[in-house]
Amino acid sequence: MPIYEYRCPDCGVFEKLLGMGAAARERTCPGCGAPARRLMSAAGLSRAGTPAARLIERTERTAAEPDVVAAPPPGARGATRTTGNPLHRRLPRP
């Protein structure tokens, strides 16, 4: 639900959480009871909290500043044999 802002001539600005389309142009001020007019304010659109947005930001960051790997992670094994054929042992090694 969106947050609507109203300005009371006596008390100042206050916010009201209302359903979409349920906000009237004028509302009574909760402090003094005077009529308050609805203000135009910027929409609070943000994706910063979603997992997808965090993934996109991390991907963009690593494209410009990739992580530096100094050594293999602990517990990593070396290269393992991919074949069991004894004839492959005679092939030249780098």
Side-chain angles (χ1 to χ4, degrees):
M1 285 200 302
I3 298 174
Y4 292 96
E5 294 179 330
Y6 291 89
R7 181 184 306 274
C8 173
D10 300 327
C11 302
V13 177
F14 65 93
E15 296 176 342
K16 195 75 172 166
L17 183 67
L18 300 166
M20 280 221 153
R25 288 186 183 266
E26 287 192 357
R27 243 183 144 62
T28 56
C29 175
C32 64
R37 293 200 54 109
R38 188 174 68 193
L39 299 174
M40 294 292 285
S41 57
L45 305 175
S46 176
R47 295 184 349 201
T50 64
R54 288 192 296 264
L55 177 64
I56 291 169
E57 290 172 6
R58 185 168 187 258
T59 304
E60 290 173 353
R61 190 174 357 114
T62 57
E65 303 167 3
D67 294 334
V68 177
V69 178
R77 296 183 184 185
T80 60
R81 287 194 165 153
T82 58
T83 181
N85 189 336
L87 296 175
H88 291 164
R89 282 187 237 146
R90 295 184 190 172
L91 293 173
R93 303 279 177 207

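Everything numeric here is computed off the predicted structure, so don't read it as measured data. In what follows, residues are counted from 1 in the order of the sequence shown.
Summarising the geometry, atom CD1 belonging to I56 is positioned 7.0 Å from atom OG1 belonging to T50; distances are rounded to the nearest 0.5 Å.
Taking every heavy atom of both residues into account, G21 and Y4 meet most closely at N-OH, 3.8 Å. The two residues A34 and D10 make their nearest non-hydrogen contact at CB-OD2, 4.2 Å.
Listed by first and then second residue, the salt bridge (charged side-chain N to carboxylate O under 4.0 Å, His left out) pairs involving residues 13-42 are E26-R37 (not counting sequence neighbours). Within the structure, the ring pair (Phe, Tyr, Trp, His ring centres under 6.0 Å) test picks out the following pairs touching residues 9-38 (sequence neighbours left out): Y6-F14.
V13 belongs to a hydrophobic cluster whose remaining members, ordered by chain and number, are L39; membership requires side-chain heavy atoms of ILVMFWY residues under 4.5 Å apart, directly or through intermediates.
Applying the side chain to side chain contact (heavy atoms under 4.5 Å, CB included) rule to C11 yields the partners C8, C29, C32; only residues at least two apart in sequence or on another chain are considered.
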